[in-house]
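Here is the structure we will look at.
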Amino acid sequence: MTIRVLLADDQALLRGTFRMLIDSTPGMEVVAEAATGREAVALARSRRADLVLMDIRMPDVDGITATGLITADEDLAGVKVLVLTTFENEEYVAEALRAGASGFLGKGINPGELLDAIRLVAAGDALLSPHATKALIARFLAQPAPRSRTAPPGLATLTPREEEVVTLVAAGLSNDEIAELLFVTPLTAKTHVNRAMAKLGARDRAQLVVLAYRTGLAHPDDPDPRERP
């Protein structure tokens with residue numbers, strides 16, 4: 001299945017570079033280009049992209065705001081947003097995740113990494129943000145302001161194993177790493193993750209991480225699970 005990509009960046013040269021890279025890759029195509037956040041939202045609705053490659057700093061409507069408008073639109077359910085920006089500071093990472101982005105990458109990555117990121121985010125399989133480490137996510141998402149006032153209805157229905165898996169996802173572990181840590185198969189780990197996402201209403205792993213910190217399942221001072229004895 002071809003991944004339909006919408007490019008949102010105010011620099012025409014960069015959009016052209018990304019278009020050539022994506023269009024020359026089997027299984028991907030650029031369906032539209034936007035120079036502003038407002039255009040990105042409108043084109044996401046009209047061109048039915050699977051994924052929006054979103055810059056943060058754009059005129060008219062910035063990329064963070066545009067991301068929030070896209071992810072909050074019920075008619076655009078399933079559309080993923082991958083933020084790709086020059087400005088890789090911690091606050092932007094946190095704001096992008098809160099707005100509903102499924103990934104955050106710097107423009108300094110190599111072409112192969114970008115293509116892999118597009119595939120993974122389009123599939124909803126991973127939180128792609130090399131700089132969004134556990135400590136960084138905890139620092140911002142655990143602040144009082146963005147925390148949910150009420151817990152998701154499905155929180156009480158999580159099994160102890162699903163709660164444990166959610167905390168491991170929040171720590172940045174992949175399905176393979178979770179499987180190794182819990183002595184289960186990768187398929188079983190993925191099943192637990194998917195069930196937890198369904199119960200909590202999380203559209204992808206990125207939102208699952210956000211919910212983990214907002215609901216208190218994960219905490220800033222949690223030890224790294226990879227260092228368990």
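What's counted below: heavy atoms across the whole structure, side chains too, no hydrogens, waters or symmetry copies.
Minimum heavy-atom separation, Glu177 to Ser174: OE1-N, 2.8 Å. Summarising the geometry of Leu43 relative to Ala34, their closest heavy-atom pair is CD1-CB, 3.9 Å, with the distance given to 0.1 Å. Between Ala40 and Leu6, the closest heavy-atom pair is O-CD2, 3.4 Å. The two residues Val121 and Ser102 have their closest heavy-atom pair at CG1-CB, 3.6 Å. Smallest separation of non-hydrogen atoms from Ala44 and Ile70: CB-CD1, 4.1 Å. Annotation for Pro225 and Leu168: closest pair CB-CD2, 3.5 Å, computed over non-hydrogen atoms.
Counting heavy atoms from C-beta outward, Met28 and Leu115 have side chains that approach closer than 4.5 Å. Leu53 is listed as a side-chain neighbour of Leu114, based on a closest heavy-atom distance under 4.5 Å. Here the side chains of Val209 and Val169 are in contact, with some heavy-atom distance below 4.5 Å. Between Leu82 and Val52, every side-chain heavy-atom pair lies at or beyond the 4.5 Å cut-off. Using a 4.5 Å heavy-atom cutoff, the side chains of Val31 and Val5 are not in contact.
Qualifying salt bridge (charged side-chain N to carboxylate O under 4.0 Å, His left out) partners for Arg47, counting only residues two or more places apart in sequence or in other chains: none.
Under the side chain to side chain donor-acceptor pair (under 3.5 Å) criterion, the residue pairs touching residues 30-46 are Arg15-Glu33, Arg19-Glu33, Arg38-Asp60, Arg45-Asp73, with sequence neighbours excluded. Residue pairs meeting the side chain to side chain donor-acceptor pair (under 3.5 Å) criterion with at least one partner in residues 5-14, sequence neighbours excluded, are Asp9-Lys107.
Partner of Asn175 under the side-chain hydrogen bond (donor to acceptor under 3.5 Å, both in side chains) criterion, out of Arg205, Glu180, Lys190: Arg205 alone.
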**Prompt:** Can you list the steps and then say if Leu158 with Leu200 is a side-chain contact (heavy atoms from CB on, under 4.5 Å)?
**Reply:** CA-CA 9 Å; Leu158 292 179; Leu200 296 177; 4.1 Å; yes
**Message:** Does Leu208 form a side-chain contact (heavy atoms from CB on, under 4.5 Å) with Val166? I'd like the steps, not just the answer.
**Reply:** CA-CA 7 Å; Leu208 191 61; Val166 170; 4.2 Å; yes
**Prompt:** Could you walk me through whether Leu211 and Leu155 pass the side-chain contact (heavy atoms from CB on, under 4.5 Å) check?
**Reply:** CA-CA 10 Å; Leu211 288 171; Leu155 184 63; over 6 Å; no
**Request:** Run the numbers on Thr159 and Glu162 for side-chain contact (heavy atoms from CB on, under 4.5 Å), then give the verdict.
**Result:** CA-CA 5 Å; Thr159 66; Glu162 288 165 353; 3.2 Å; yes
**Request:** In sequence, state the C-alpha distance, the side-chain angles, and the governing distance for Thr65 and Asp62, and then conclude on side chain to side chain donor-acceptor pair (under 3.5 Å).
**Result:** CA-CA 6 Å; Thr65 301; Asp62 65 82; 3.0 Å; yes
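Annotation: the span from Thr86 atom OG1 to Ile56 atom CD1 amounts to 9.5 Å, rounded to 0.5 Å. The CD atom of Glu113 sits 12.5 Å away from atom CD1 of Ile118, with the distance rounded to the nearest 0.5 Å. Note that CD of Glu95 is 9.5 Å distant from CZ of Phe104, once rounded to the nearest 0.5 Å. Rounded to the nearest 0.5 angstrom, Glu163 CD and Lys199 NZ are separated by 9.5 Å. Leu7 CG to Leu21 CG: the interatomic distance, rounded to the nearest 0.5 Å, is 10.0 Å. Here the OG1-CG distance, from Thr188 to Leu182, works out to 10.0 Å after rounding to the nearest 0.5 Å.
Listed for the Asp23 side chain is a donor-acceptor partner under 3.5 Å among the backbone atoms of Val30. In terms of modelled atom types and a separation under 3.5 Å, the side chain of Asp50 and the main chain of Arg4 share a donor-acceptor contact.
Val165 is connected to Val184 through a chain of hydrophobic side-chain contacts under 4.5 Å among Ile, Leu, Val, Met, Phe, Trp and Tyr, so both are in one cluster.
The environment of CZ in Arg195 is sparse: at most 12 heavy-atom neighbours from other residues, nucleotides or ligands sit within 6.0 Å.
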